[in-house]
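This report concerns only the one structure given below.
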Amino acid sequence: MATDRVVRFTDSFFGRLDQLLPADRTADGKPSVTDFLVFDLPRVHDKLSRDVYGQTLQTDEPGVRVYIGLGALVGRFAIFVTVMPDGDVEAFWLAVDDE
């Protein structure tokens with residue numbers, strides 16, 4: 001039986017999240033940082049922990065993989081990760097398609 005991998009979200013990931021989403025949900029319903037952290041990120045964390053290679057695609061950048069997801073409130077998003085030599089996963093960048 002395979003062991004779950006450790007998944008870490010870096011400071012650059014959280015900095016990018018703060019750039020992309022407001023601190024609070026807006027009056028017109030744009031989701032907040034907290035919405036993403038509560039509703040979407042735990043599911044992504046679990047998927048990456050269990051099967052990073054099956055849940056991501058290789059990018060043109062060597063060693064960088066991308067998870068593409070559809071969030072509960074955020075909509076479409078992409079999380080860029082690297083798999084470290086020890087097998088841990090580091091998520092370092094986020095893109096959100098808020099259209």
Side-chain angles (χ1 to χ4, degrees):
M1 183 172 159
T3 307
D4 287 354
R5 296 173 187 270
V6 172
V7 178
R8 289 185 293 274
F9 295 87
T10 65
D11 290 343
S12 62
F13 176 89
F14 287 109
R16 180 73 172 152
L17 177 60
D18 288 339
Q19 290 175 343
L20 295 173
L21 297 177
D24 298 308
R25 192 176 303 165
T26 64
D28 65 347
K30 183 173 182 172
S32 68
V33 168
T34 302
D35 290 330
F36 185 75
L37 293 174
V38 170
F39 294 106
D40 297 321
L41 203 56
R43 181 175 45 92
V44 174
H45 174 278
D46 292 347
K47 287 181 177 185
L48 293 175
S49 176
R50 289 189 188 112
D51 185 18
V52 67
Y53 292 107
Q55 295 294 321
T56 60
L57 301 170
Q58 183 64 47
T59 67
D60 290 337
E61 186 69 31
V64 176
R65 301 187 66 82
V66 62
Y67 173 90
I68 300 171
L70 183 61
L73 298 174
V74 171
R76 297 174 293 199
F77 60 91
I79 296 176
F80 294 84
V81 305
T82 57
V83 180
M84 308 306 289
D86 62 4
D88 290 357
V89 177
E90 284 197 356
F92 65 89
W93 196 251
L94 173 68
V96 174
D97 182 4
D98 56 3
E99 290 187 13

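Here the structure is a predicted model, which means the values were calculated and not measured.
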Please check: side-chain N/O of S12 versus main-chain N/O of F92, any donor-acceptor pairing under 3.5 Å? yes
For S32 and A23 the tightest heavy-atom approach is CB-O, 3.6 Å
Can you check whether F80 and Y67 have ring centres sitting under 6.0 Å from each other? no
Answer yes if the side chains of S49 and D46 hold a donor-acceptor pair under 3.5 Å, and no otherwise. no
Heavy-atom closest pair, residues A91 and F13: O-CB, 3.5 Å
Can you find a pair of side-chain heavy atoms, one from F14 and one from V33, that are under 4.5 Å apart? no
Side chain of R16, backbone of L94: donor and acceptor closer than 3.5 Å? yes
Distance in Å, T10 OG1 paired with W93 CH2, rounded so as to fall on 0.5 Å steps: 9.5 Å
Would you say that L73 contacts F36 through its side chain, given a criterion of any heavy-atom pair below 4.5 Å between the two side chains? no
Take atom CG of D28 as the centre, draw a 6.0 Å sphere, and report whether it contains more than 12 heavy atoms from other residues, nucleotides or ligands. yes
Is there a chain of hydrophobic side chains (I, L, V, M, F, W, Y, each step under 4.5 Å between heavy atoms) that links L48 to L37? yes
Would you indicate whether the side-chain heavy atoms of K30 and R25 approach each other to under 4.5 Å? no
Distance from R65 atom CZ to L57 atom CG, nearest 0.5 Å? 7.0 Å
Between T82 (side chain) and G63 (backbone), is there a donor-acceptor pair under 3.5 Å? no
Could you see if F77 belongs to whatever hydrophobic cluster contains L20? Use Ile, Leu, Val, Met, Phe, Trp, Tyr and a side-chain cutoff under 4.5 Å. yes
With the 4.5 Å side-chain cut-off for hydrophobic clustering, are V44 and L70 part of the same group? no
Please examine the side chains of V96 and V74, heavy atoms only from C-beta on, and report whether any two atoms are closer than 4.5 Å. yes
How many angstroms lie between CG in D24 and OG1 in T34, if you round to the nearest 0.5 Å? 7.0 Å
Below 4.5 Å, heavy atoms only, C-beta onward: do I79 and L41 meet side chain to side chain? yes
Indicate yes or no: at least one non-hydrogen side-chain atom of F9 is less than 4.5 angstrom from one of H45. yes
Heavy-atom nearest pair, P31 first then P22, reads O-CD, 3.3 Å
Approximate separation, where rounding is to 0.5 Å, of I68 CD1 and Q55 CD: 11.5 Å
Salt-bridged, D88 to R5, with N to O below 4.0 Å? no
Is it the case that atom CG in D11 sees more than 12 heavy atoms from other parts of the structure closer than 6.0 Å? no
